[in-house]
Amino acid sequence: MTLAERVKQLQEIQAKLPDTLRDISKTATMRAVEKAAELTPPTQNDLSGTNTRTGELKARWEWDSTVEPMGFESGKYVTVLRNGAQYASFVNDGHRMDKHFVPGLYVNPYSGLLEYDPAADTGIVVGTKTKYVGGEFMTDKGIEEYQKSLKDILDRKITEVMK
């Protein structure tokens, strides 16, 4: 390949660079969302804890995150890894458990499951066994996955281009 041909090839690559970076950003963000959702309870058939049966917390990563780059700000494509569930930060970062009475919470005598009925004339004291619930750190691990994916994809693209 002559120098003139290489310059022409690099100019073509440069023209495609914004679209390529946009696609890489989107792909890396999608992988971050997948990783965060994978680490969000329930995991590995573990249904312990409040709200794990609905799967809402896990689904909210996909619903609330913005994987499509929103524009080019300060030389960067902007995407967002987000979980808007009200209790997401407590699961992510961990939280204290204080002993307290919850009216309407009871163990169903037929199924043995913990249920909540605000109209029920009963309740349970909770928070007696565990003083602190450790965090799952799904957001941090999602960000790590984003950075790893970004590097891997960029390295692969650079290798393809430089052939």
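Basis for what follows: all heavy atoms, side chains included, without hydrogens, waters or symmetry-related copies.
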- request: For Lys35 and Glu38, run salt bridge (charged side-chain N to carboxylate O under 4.0 Å, His left out): C-alpha distance rounded to whole Å, both residues' side-chain angles, the deciding distance at 0.1 Å, then the answer.
  value: CA-CA 5 Å; Lys35 185 61 154 184; Glu38 172 190 321; 3.7 Å; yes

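- Put simply, the side chain of Lys148 does not reach to within 4.5 Å of the side chain of Lys151, judged on heavy atoms.
- Note on residues 8-18: pairs passing side-chain hydrogen bond (donor to acceptor under 3.5 Å, both in side chains), not counting sequence neighbours, are Arg6-Gln9.
- Here the shortest heavy-atom pairing between Tyr132 and Gly134 reads CE2-CA, 3.6 Å.
- Between Ser25 and Thr79, the shortest heavy-atom distance links the atoms OG-CG2, 3.5 Å.
- Hydrophobic clustering of Ile, Leu, Val, Met, Phe, Trp and Tyr side chains at less than 4.5 Å, counting indirect connections, unites Phe90 with Leu81.
- Electrostatic pairing of Arg60 and Glu56 counts as a salt bridge here, judged by a charged N lying under 4.0 Å from a carboxylate O.
- Smallest separation of non-hydrogen atoms from Lys58 and Ala37: NZ-O, 2.8 Å.
- Note: the hydrophobic cluster containing Trp61 does not contain Phe137 (ILVMFWY, side chain heavy atoms under 4.5 Å, direct or indirect links).
- Put simply, Phe101 and Tyr106 are part of two different groups of oily side chains (I, L, V, M, F, W, Y) that touch within less than 4.5 Å, one to the next.
- Asp64 approaches Gly84 most closely through the heavy-atom pair OD2-N, 2.6 Å.
- Atom CD of Gln86 has 12 or fewer heavy atoms from other residues, nucleotides or ligands within 6.0 Å.
- The minimum heavy-atom distance between Pro69 and Tyr77, with the atom names listed, is CB-CD2, 3.9 Å.
- Side-chain contact between Glu136 and Leu39 is absent, with no heavy atoms from C-beta onward closer than 4.5 Å.
- Taking hydrophobic clusters as Ile, Leu, Val, Met, Phe, Trp and Tyr residues chained together by side-chain heavy-atom distances below 4.5 Å, Leu21 shares a cluster with Ile153.
- The 12-atom threshold is not exceeded at CG of Asp121, counting heavy atoms of other residues, nucleotides or ligands nearer than 6.0 Å.
- By the criterion of side-chain heavy atoms lying less than 4.5 angstrom apart, applied directly or through intervening Ile, Leu, Val, Met, Phe, Trp or Tyr residues, Trp63 is not grouped with Val67; the two fall into different hydrophobic clusters.
- Heavy-atom contacts from other residues, nucleotides or ligands closer than 6.0 Å to CD of Glu115 number more than 12.
- Every residue meeting the side chain to side chain contact (heavy atoms under 4.5 Å, CB included) condition with Val107, not counting sequence neighbours, appears here in chain and number order: Leu114, Ile124.
- To the nearest 0.5 angstrom, Glu145 atom CD is 12.5 Å from Met30 atom CE.
- When side chains are defined from C-beta on, His95 does not count as touching Asp93, because their heavy atoms never get closer than 4.5 Å.
- Residue Arg82 places its CZ atom among 12 or fewer non-hydrogen atoms of other residues, nucleotides or ligands, all under 6.0 Å distant.
- Checked against Leu150 for a side chain to side chain contact (heavy atoms under 4.5 Å, CB included), the options Ile24, Thr29, Thr27, Asp155 give a single hit: Ile24.
- Of the possible polar contacts, none joining the Asn108 side chain to the Leu113 backbone as a donor-acceptor pair under 3.5 Å is found.
- The minimum heavy-atom distance linking Met97 with Thr130 is given by the pair CB-O, 3.0 Å.
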